[in-house]
Participant: 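The structure that follows is given in the form of structure tokens.
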Number of protein chains: 2
Amino acid sequence: MTTSAPRKKRMPRAEREQQMLTIAEEVFVEQGFVASSMDDIAARVGVSKPMIYEYFGSKEGLLVACIRRAKAELFDCVANAAAGITDPEMALRSGFTAFFRYADEHRLSWQLVLNNEGALAGSAAAEAIEEIRTEQTTLDRALLETFVPHVPGQTLDAIAEIIVGACERLSRWYVRTEGVTAEDAAEYVMRLAWYGLRPLVASSDENVEPVQGSHPAQENNGA
Amino acid sequence: MTTSAPRKKRMPRAEREQQMLTIAEEVFVEQGFVASSMDDIAARVGVSKPMIYEYFGSKEGLLVACIRRAKAELFDCVANAAAGITDPEMALRSGFTAFFRYADEHRLSWQLVLNNEGALAGSAAAEAIEEIRTEQTTLDRALLETFVPHVPGQTLDAIAEIIVGACERLSRWYVRTEGVTAEDAAEYVMRLAWYGLRPLVASSDENVEPVQGSHPAQENNGA
DNA sequence: GAAGTAACCTACTCGTAGTAAGGTAATCGG
DNA sequence: CCGATTACCTTACTACGAGTAGGTTACTTC
């Protein structure tokens with residue numbers, strides 16, 4: 001029911017490995033790493049557990065292999081997109097686009113990376129953490145709205161998300177980097193957020209073409 | 001050796017709970033959620049396992065409680081910092097600063113949120129995922145450098161981190177939001193990155209005061 | 001100081017990661 | 001065509017950790 005046909009035939013190692021990875025990816029995303037059982041995965045593959053251990057060493061080894069495969073794919077996409085473009089602006093834009101396209105077209109793989117970093121997908125713990133971000137996003141959004149009220153809701157959503165992601169990641173860097181104060185870090189974010197936003201507020205939307213041609217401020221809060 | 005004295009005395013529930021949370025936080029960050037054992041935590045607290053289950057229900061319940069406590073602290077900090085400030089720019093800046101200050105002053109709590117979202121702290125899997133970001137950061141940084149060569153290395157580092165964090169978070173939003181194309185998402189990031197960066201390149205540093213008054217381009221790559 | 005309650009323990013079950021040791025099918029030299 | 005080597009695959013275990021049942025000890029209150 002999960003895969004397709006009840007493949008009971010022997011299979012060369014390389015092929016079996018790929019099959020295992022595909023199914024493991026499914027299971028890990030569905031149930032979360034912790035809740036997934038090797039017996040279950042083995043059963044879905046149609047093979048016995050020791051085979052997986054033979055090929056991947058451990059449960060975590062299996063996860064790592066899944067991640068590595070996803071990573072390789074992602075880098076192919078982005079590298080191809082940016083390859084040969086000399087203008088940095090175009091290269092950046094093209095790379096970003098490829099990145100988001102990958103996230104869209106390989107949702108399972110990408111969710112694996114995003115969620116199973118937190119091995120607790122679907123769990124209360126994951127929700128508790130996500131809640132932190134949600135609240136921060138809501139707060140930022142509210143602040144932004146007072147500042148640039150005429151901007152479409154969706155744009156505000158996107159910017160709020162961007163700021164939260166930026167803060168989170170920068171906080172990691174900040175903590176491990178010597179000689180940077182909290183004010184410095186905040187200033188870095190402010191620069192991008194504030195100056196990056198300025199075209200939106202200064203010229204309404206004559207200088208900066210709206211991202212979405214039309215889309216009249218469609219709200220987007222719920223999960 | 002972990003706590004302080006071999007407290008063998010009885011203790012009111014509220015106090016014991018706080019002690020448990022503090023120690024659990026330590027252990028979770030040290031070993032990662034998956035690798036941590038309830039027996040170990042109980043032993044360090046100087047109490048038997050069923051006590052923890054009595055108070056927190058499950059291993060994950062314990063983690064959630066840790067996260068909630070951290071979250072409450074974080075929100076206190078940020079809310080206090082932004083409270084009463086009417087100018088949105090100052091409010092944002094002050095909030096950001098408080099956020100980074102929290103990350104710095106409560107490293108353990110914050111690491112819990114960052115790492116144990118990925119319950120695999122310290123594991124090969126966590127490294128594999130982090131590797132993806134590192135590579136992306138390196139790539140972005142290289143692109144930025146060709147564009148704004150005169151900017152201090154540390155600033156480039158920070159901006160690259162910001163972009164990676166922004167992309168990651170925005171990709172989540174993007175995937176769950178209807179009617180947004182990869183190009184749209186890329187454009188959102190470009191706006192912040194590009195226009196946010198523009199003051200740096202356009203006017204060198206006459207319009208925009210450098211974040212670090214002096215700090216002459218001190219590099220910072222290693223962990 | 002008896003009764004009640006809140007903190008605490010010992011001693012278990014059960015599920016799952018990981019392993020040992022052996023079976024079966026393809027391939028290859030003769 | 002036939003034994004032998006190799007590689008895919010299995011059944012049947014061990015070990016360990018999450019979670020629990022039920023009893024014990026120390027504080028509190030009248």
Side-chain angles (χ1 to χ4, degrees), chain A residues 3 5-24 26-28 30-66 116 119-126, chain B residues 3 5-24 26-28 30-66 116 119-126:
Chain A
T3 17
R7 295 184 168 191
K8 273 295 176 188
K9 284 309 290 263
R10 297 213 161 186
M11 204 175 275
R13 173 164 184 157
E15 188 180 345
R16 186 65 92 185
E17 277 180 348
Q18 289 308 311
Q19 189 201 2
M20 284 173 177
L21 289 181
T22 302
I23 288 177
E26 259 176 51
V27 175
F28 285 153
E30 255 174 44
Q31 331 224 330
F33 179 74
V34 178
S36 305
S37 95
M38 295 295 269
D39 289 289
D40 181 24
I41 295 174
R44 292 208 206 185
V45 174
V47 106
S48 70
K49 197 167 53 165
M51 286 307 315
I52 307 185
Y53 281 92
E54 175 73 24
Y55 292 163
F56 297 103
S58 68
K59 189 182 183 184
E60 192 180 308
L62 181 59
L63 175 61
V64 169
C66 288
N116 268 289
L120 305 163
S123 71
Chain B
T3 14
R7 294 184 167 190
K8 273 295 176 188
K9 284 310 290 267
R10 295 210 164 189
M11 202 175 277
R13 173 165 183 157
E15 190 179 343
R16 186 64 92 185
E17 277 180 347
Q18 290 308 310
Q19 189 201 2
M20 285 174 176
L21 289 180
T22 303
I23 289 178
E26 258 177 54
V27 175
F28 285 153
E30 256 174 43
Q31 330 223 331
F33 179 74
V34 179
S36 305
S37 93
M38 293 296 268
D39 289 289
D40 180 25
I41 295 174
R44 292 208 205 185
V45 175
V47 104
S48 71
K49 197 167 52 164
M51 287 308 312
I52 308 186
Y53 281 92
E54 176 73 24
Y55 292 164
F56 298 103
S58 69
K59 189 182 184 184
E60 194 180 307
L62 181 61
L63 175 60
V64 169
C66 287
N116 268 289
L120 305 162
S123 70

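Order of the sequence lines fixes the chain letters, A, B, ..., with proteins taken first and strands second; residue numbering starts at 1 for each chain.
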Participant: When all nucleic acid strands are considered with a 4.0 Å heavy-atom cut-off, which category describes B:S48: base, sugar-phosphate, or nothing?
Facilitator: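 Counting heavy atoms under 4.0 Å across all strands, the contact made by B:S48 includes a base.
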
Participant: Considering just the side-chain nitrogens and oxygens of A:R16, establish if one lies under 4.0 Å of OP1 or OP2 belonging to D:dC9.
Facilitator: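 For A:R16, the contact criterion (side-chain N or O under 4.0 Å from OP1 or OP2 of D:dC9) is met.
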
Participant: Please give, in whole Å, the distance from C:dT16 C1' to A:L62 CG?
Facilitator: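 For the pair A:L62 CG and C:dT16 C1', the rounded distance is 15 Å.
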
Participant: Starting from P on D:dT20, measure out to CD1 on B:I52 and report it in whole angstrom.
Facilitator: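 These atoms are roughly 13 Å apart.
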
Participant: Could you work out which one of C:dT16, D:dC8, D:dG17 sits closest to the side chain of A:S37?
Facilitator: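 Nearest nucleotide to the side chain: C:dT16.
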
Participant: Send over the distance from A:E17 CD to D:dC8 C1', rounded to a whole Å.
Facilitator: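 My rounded result for the distance is 12 Å.
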
Participant: What closest approach, in Å, do A:S48 and A:A42 show between heavy atoms, and which atom pair accounts for it?
Facilitator: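 It is C-CB, 3.9 Å.
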
Participant: Under the salt bridge (charged side-chain N to carboxylate O under 4.0 Å, His left out) rule, what do B:E54 and B:R16 come out as? Steps first, then yes or no, please.
Facilitator: CA-CA 12 Å; B:E54 176 73 24; B:R16 186 64 92 185; over 6 Å; no

Participant: What is the distance from atom OG1 of B:T22 to atom CE of B:M20, rounded to the nearest 0.5 Å?
Facilitator: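 Answer rounded to 0.5 Å: 11.5 Å.
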
Participant: Starting at atom CZ of B:R10, determine the distance to atom P of C:dC8, rounded to an integer number of angstrom.
Facilitator: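 It works out to 6 Å between those atoms.
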
Participant: Where do B:K59 and B:F28 come nearest, in terms of heavy atoms and distance?
Facilitator: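 Heavy atoms of B:K59 and B:F28 come nearest at O-CZ, 4.3 Å.
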
Participant: Between D:dG19, C:dC8, D:dC8, spot the one nearest the side chain of A:M51, thanks.
Facilitator: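 Of the options given, the side chain of A:M51 lies nearest D:dC8.
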
Participant: Distance check needed: D:dT11 C1' versus A:D39 CG, whole Å only.
Facilitator: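 To the nearest whole Å, that distance equals 13 Å.
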
Participant: Round to a whole Å and report the spacing from CD of B:E60 to C1' of D:dG17.
Facilitator: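 The distance from CD of B:E60 to C1' of D:dG17 comes to 16 Å, rounded to the nearest Å.
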
Participant: Could one point to a donor on the side chain of A:K49 or the base of C:dG18 with an acceptor on the other under 3.5 Å away?
Facilitator: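 Indeed there is one.
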
Participant: At 4.0 Å (heavy atoms only), tell me whether B:F56 reaches a base, stays on the sugar-phosphate, or touches nothing.
Facilitator: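 Touches nothing.
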
Participant: Among C:dA17, D:dT10, D:dT20, which is the nearest nucleotide to the side chain of B:P50?
Facilitator: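 So the nucleotide nearest the side chain must be D:dT20.
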
Participant: Starting from C1' on D:dC16, measure out to CG on B:D40 and report it in whole angstrom.
Facilitator: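 Rounded to the whole Å, the gap is 14 Å.
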
Participant: In terms of side-chain heavy atoms of B:V47, which of C:dC9, D:dA18, C:dT19 is nearest?
Facilitator: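 It is C:dC9.
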
Participant: Between C:dG18, D:dG19, C:dC8, spot the one nearest the side chain of B:M11, thanks.
Facilitator: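 Selected nucleotide (nearest to the side chain): C:dC8.
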
Participant: Quick one: is D:dC8 close enough that its OP1 or OP2 comes under 4.0 Å of any side-chain N or O from A:Y55?
Facilitator: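 The answer is yes; a side-chain N or O of A:Y55 sits under 4.0 Å from OP1 or OP2.
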
Participant: Rounded to the nearest angstrom, tell me the gap between atom CZ in A:F33 and atom C1' in C:dA17.
Facilitator: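 After rounding, the gap between these two atoms is 10 Å.
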
Participant: Can you see which heavy atom on A:S36 is nearest to which on A:G32, and at what distance?
Facilitator: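 Distance-wise, the nearest heavy atoms are OG-O, 2.6 Å.
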
